[in-house]
Asker: 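Supplied in structure tokens, the structure appears directly below.
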Number of protein chains: 2
Amino acid sequence: MPREKYTKDQLVDAAFEIACESGFEQLTIRNIAKHLGSSIAPIYVNFNDLEELKEAVIRKAVEINKKILSEQDSGDPFLDVGIASVLFAKRYPRIYDEVVIKNDKSYQGQAENEKLIINQMKKDQQLASFSDDDLRLLLLKMQALQAGLSLLARKEAYKDMLDDSKIIKILDETGVDVLDGMIRRQTAADMAEK
Amino acid sequence: MPREKYTKDQLVDAAFEIACESGFEQLTIRNIAKHLGSSIAPIYVNFNDLEELKEAVIRKAVEINKKILSEQDSGDPFLDVGIASVLFAKRYPRIYDEVVIKNDKSYQGQAENEKLIINQMKKDQQLASFSDDDLRLLLLKMQALQAGLSLLARKEAYKDMLDDSKIIKILDETGVDVLDGMIRRQTAADMAEK
DNA sequence: CTTGATATATATCATATGATATATATCAAG
DNA sequence: CTTGATATATATCATATGATATATATCAAG
């Protein structure tokens, strides 16, 4: 082998840093090379094209998200997912933009994914009395809350207002509130029926 | 004057359509000219540069948002704003991406804007007992809900699940739930104090 | 030491893009 | 009808970008 080698990891790390600081649209071969202190050659030795490198950056982001999730321990697995997502958005706002917002691929297999979650929800005693439609509505509300909080946490203006513990508190509280509301409305509807 | 003239409006409309269908990144002088059936000349006669035209497109989007808002009549002005925002995101997803998500300018004067809203909230009897911090928290939760629902409504996968009436229903219900939750927690805290 | 392989650097190409210079067509003013 | 103004079309420029061809440097195998 020749002298030294820029590894795939080095390239992905450099690209990830650029994307973090300046956004995905700044991922040009020349920017990456400059950031690495090399020419553009290492890019094409390690990847077939720039697109492949970008995909590797996204895979790295997914890994980081998984790591953040694994560090959560609120007791409720659903809440954990929500917390991890918002924390990721806050810590890597520009990556979040690319992965979550632009990525419409995520809705491939979204229908099956929903079914899986609904089935998981059915195992929860508290949710036993809900119909499938109600569960889907509850899930939608929760997803909206999480997505919205991510969107806000991602913005500079909210950074100081939304420290990690506050994010967890808000997600927890509103989650409980929405669930309570659905239970209350259901019992009210039951009453009215009789 | 020479024969015919491509008006500013014609140019903005053409650009708006391109942005709607293909996204803001497709707003190139040649794309706009092609869509208009002209050369690139009319662009530079009517605007100093492409950036000016893009700003005009964003102004048009803001106008449309205002129009949608003016058509709302839920009884609650806050809810109206939320509904209008989500409906806009659903109808013009790619414009929403540009205006709401990318636009970090919106957080200029965000602090003053928040104060205005908080003062408005204080006029509401139901919210009279809340401290400023509580009101800010309530506002944040509502904003998160609205932003998140917009984000979901914008996606193809949710289009059929989120018709207009359902959007209104969800915003209304969750708004009530979150407020109820905050009231409940406050009274619980008051109890504990005594 | 020689040779082949390959990582790297550099020059270069093709293409896309915003912008401008120039020519042409059209119309109003006189 | 002539003239000036200007909307439009076209050619062209400068720059950015992804990609490739080529030369060079380095190292392992023999």
Side-chain angles (χ1 to χ4, degrees), chain A residues 1-61 94-95 97-99 101-103 105, chain B residues 1-61 94-95 97-99 101-103 105:
Chain A
M1 262 176 278
R3 207 165 58 135
E4 57 189 324
K5 182 172 149 70
Y6 292 97
T7 64
K8 273 191 166 64
D9 275 349
Q10 274 180 290
L11 283 158
V12 173
D13 288 349
F16 191 87
E17 276 181 34
I18 293 171
C20 272
E21 289 167 16
S22 317
F24 247 70
E25 70 281 1
Q26 289 302 314
L27 285 187
T28 65
I29 54 175
R30 287 167 184 81
N31 269 347
I32 295 165
K34 195 200 285 180
H35 200 271
L36 208 63
S38 75
S39 73
I40 62 169
I43 296 173
Y44 291 97
V45 170
N46 285 283
F47 302 91
N48 283 322
D49 53 29
L50 180 60
E51 196 52 37
E52 258 191 18
L53 174 50
K54 286 183 180 176
E55 284 165 13
V57 171
I58 290 181
R59 275 198 299 278
K60 177 173 168 140
R94 312 197 82 139
I95 307 284
D97 285 4
E98 181 68 22
V99 176
I101 295 175
K102 280 199 180 175
N103 215 3
K105 298 166 202 161
Chain B
M1 263 175 277
R3 205 163 60 132
E4 56 189 326
K5 184 173 147 72
Y6 291 97
T7 65
K8 273 194 165 62
D9 274 349
Q10 274 178 291
L11 284 158
V12 173
D13 288 350
F16 190 87
E17 276 182 34
I18 293 171
C20 271
E21 289 167 15
S22 318
F24 246 71
E25 70 281 2
Q26 287 304 313
L27 285 187
T28 66
I29 54 174
R30 287 167 183 81
N31 270 347
I32 295 166
K34 195 200 284 179
H35 200 270
L36 209 62
S38 75
S39 73
I40 63 169
I43 296 173
Y44 290 97
V45 170
N46 286 282
F47 301 92
N48 283 322
D49 54 27
L50 179 62
E51 196 51 37
E52 258 191 18
L53 174 50
K54 285 183 179 176
E55 285 163 12
V57 171
I58 289 182
R59 275 197 301 277
K60 176 175 169 138
R94 312 196 84 139
I95 307 285
D97 285 2
E98 182 67 22
V99 175
I101 295 176
K102 279 200 178 171
N103 215 4
K105 299 164 201 160

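Worth knowing before you read on, the calculation uses all heavy atoms, side chains too, and leaves out hydrogens, waters and symmetry mates.
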Asker: Would Lys60(A) and Asp13(A) count as a side chain to side chain contact (heavy atoms under 4.5 Å, CB included) if you check the C-alpha gap in whole Å, the side-chain angles of each, and the deciding distance to 0.1 Å?
Answerer: CA-CA 9 Å; Lys60(A) 177 173 168 140; Asp13(A) 288 349; 2.7 Å; yes

Asker: Any idea which of dG18(D), dT20(C), dT8(C) is nearest the Tyr44(A) side chain?
Answerer: dG18(D)

Asker: Answer whether the closest heavy-atom distance between the side chains of Glu25(A) and Glu98(A) falls below 4.5 Å.
Answerer: no

Asker: Kindly indicate whether the side chain of Arg59(B), heavy atoms from C-beta on, has any atom under 4.5 Å from the side chain of Val12(B).
Answerer: no

Asker: So if I take every side-chain heavy atom of Thr28(B) and compare against dA11(C), dG18(C), dT8(C), which nucleotide ends up nearest?
Answerer: dG18(C)

Asker: Figure out the OH/C1' separation between Tyr6(A) and dT6(C), and round it to whole Å.
Answerer: 15 Å

Asker: Rounding to an integer number of Å, can you tell me how far Leu53(A) CG sits from dT17(D) P?
Answerer: 15 Å

Asker: Rounded to the Å, how far apart are Ile43(B) CD1 and dA7(D) P?
Answerer: 15 Å

Asker: Looking at the side chain of Ile40(A), which of dA19(D), dA7(C), dA9(C) is the nearest nucleotide?
Answerer: dA19(D)

Asker: Counting only side-chain heavy atoms from C-beta out, which of dA9(D), dA19(C), dA9(C) sits nearest to Leu50(B)?
Answerer: dA19(C)

Asker: Just by modelled atom types, is the Gly23(A) backbone N or O under 3.5 Å from a matching donor or acceptor in the Asp97(A) side chain?
Answerer: no

Asker: Could you state the atom-to-atom distance from CG of Leu27(A) to P of dT17(D) in whole Å?
Answerer: 11 Å

Asker: Which nucleotide in the set dT8(C), dA19(C), dG18(D) lies at the smallest distance from any side-chain heavy atom of Arg30(A)?
Answerer: dG18(D)

Asker: Side chain of Ile29(A) only, heavy atoms from C-beta on: which candidate in dT8(C), dA19(D), dT8(D) is closest?
Answerer: dA19(D)

Asker: Are Phe16(B) and Ile95(B) close enough that some pair of their side-chain heavy atoms sits under 4.5 Å apart?
Answerer: yes

Asker: Specify the separation, in whole Å, of atom CG of Leu36(B) and atom C1' of dA7(D).
Answerer: 13 Å

Asker: How many whole angstroms separate atom CD of Glu25(B) from atom P of dG18(C)?
Answerer: 12 Å

Asker: Requiring both pairing distances under 3.5 angstrom, list the stems that contain DNA chain D and are made of three or more consecutive Watson-Crick or G-U pairs.
Answerer: C:1-30 with D:1-30

Asker: How far does CD1 of Ile32(B) sit from CD of Gln26(B), to the nearest 0.5 angstrom?
Answerer: 10.5 Å

Asker: Give, for atom NE2 of His35(B) and atom CG of Leu11(B), the distance between the pair rounded to the nearest 0.5 Å.
Answerer: 12.0 Å

Asker: Between P on dA9(C) and NZ on Lys34(A), what's the gap in Å once rounded to a whole number?
Answerer: 15 Å

Asker: Measure CG/Asp49(B) against P/dA14(D) and give the value in whole Å, please.
Answerer: 20 Å

